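In what follows, a structure is listed as structure tokens, so that the remarks can point back to it.
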Amino acid sequence: MISERLNQALNDQIKHELESYYLYLSMAAYFHTSNLDGMGRWMRGQAHEEMVHAMKFLDHLLDRGAKVQLPDLKQHKTEWNSPLEAWQDAYKHEQFITSKINELMDIAREEKDYQVQPLLTWFIEEQIEEEATSGKIAEEMAMVSDTKHGLFFMDRELGQRAFPTGSPLDPEAYSSSS
Ligand code: FEO
């Protein structure tokens, strides 16, 4: 049986993943309204990925007959002074999420909960990729984004992000034309 402490921490993590979804959706809207549709597309896909992360935790709680009690979402930033600032925020946010996943693993070990540890190991590996990707884009943006050409290039480049067709990660699946 799952401990009260771990149960609460997993509910909190669903909130963090949904806040990531909401933050990245705000960033996507910011990019689209700044005529950076490639970055908007990338961020929309990322938002969907965060929703999938939230569902993984939700399903784990349901599979174990644990309590699902979702806290209120925190209001995150909705405007940025520049595309670079938004990407830097995305990187900082992923570092924050990594710290929360690490805390969850600490709790799971302290509570001797072996069943949740494979899921948390998946997330620990996922966070390596999440930080590496957002950190690299933030660095590249810092190199080029003070030039219009650089920004244009980055927007084209990021717009190439591939999502499996028909998957919830495919932003086209949600576009008004489909
Ligand atoms: Fe669910 Fe980007 O961490």
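For clarity, every value in this text was computed on a predicted model and none was experimentally measured. Ligands are counted one by one from 1 in listed order, and the atoms in each one are counted from 1 as well.
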So that I can tick it off, tell me whether Arg41 and Asp155 are bridged by a salt bridge, with the cut-off set at under 4.0 angstrom between side-chain N and carboxylate O. no

I'd like to check His53 versus Glu130 (side-chain heavy atoms, cut-off strictly below 4.5 Å). Are they in contact? yes

I want to verify a count. Protein N, O or S atoms less than 2.8 Å away from atom 1 (Fe) of ligand 1, how many are there? 3

According to the side chain to side chain donor-acceptor pair (under 3.5 Å) rule, which pairs have a member within residues 22-31, sequence neighbours left out? Tyr24-Glu94

Worked verdict on Trp87 versus Trp42 for ring pair (Phe, Tyr, Trp, His ring centres under 6.0 Å): CA-CA 11 Å; Trp87 284 107; Trp42 195 102; 5.1 Å; yes

Do Lys15 and Asp12 sit within salt-bridge range, that is, some charged N less than 4.0 Å from a carboxylate O? no

Should Lys100 and Phe96 count as side-chain neighbours, where that means a heavy-atom distance under 4.5 Å? yes

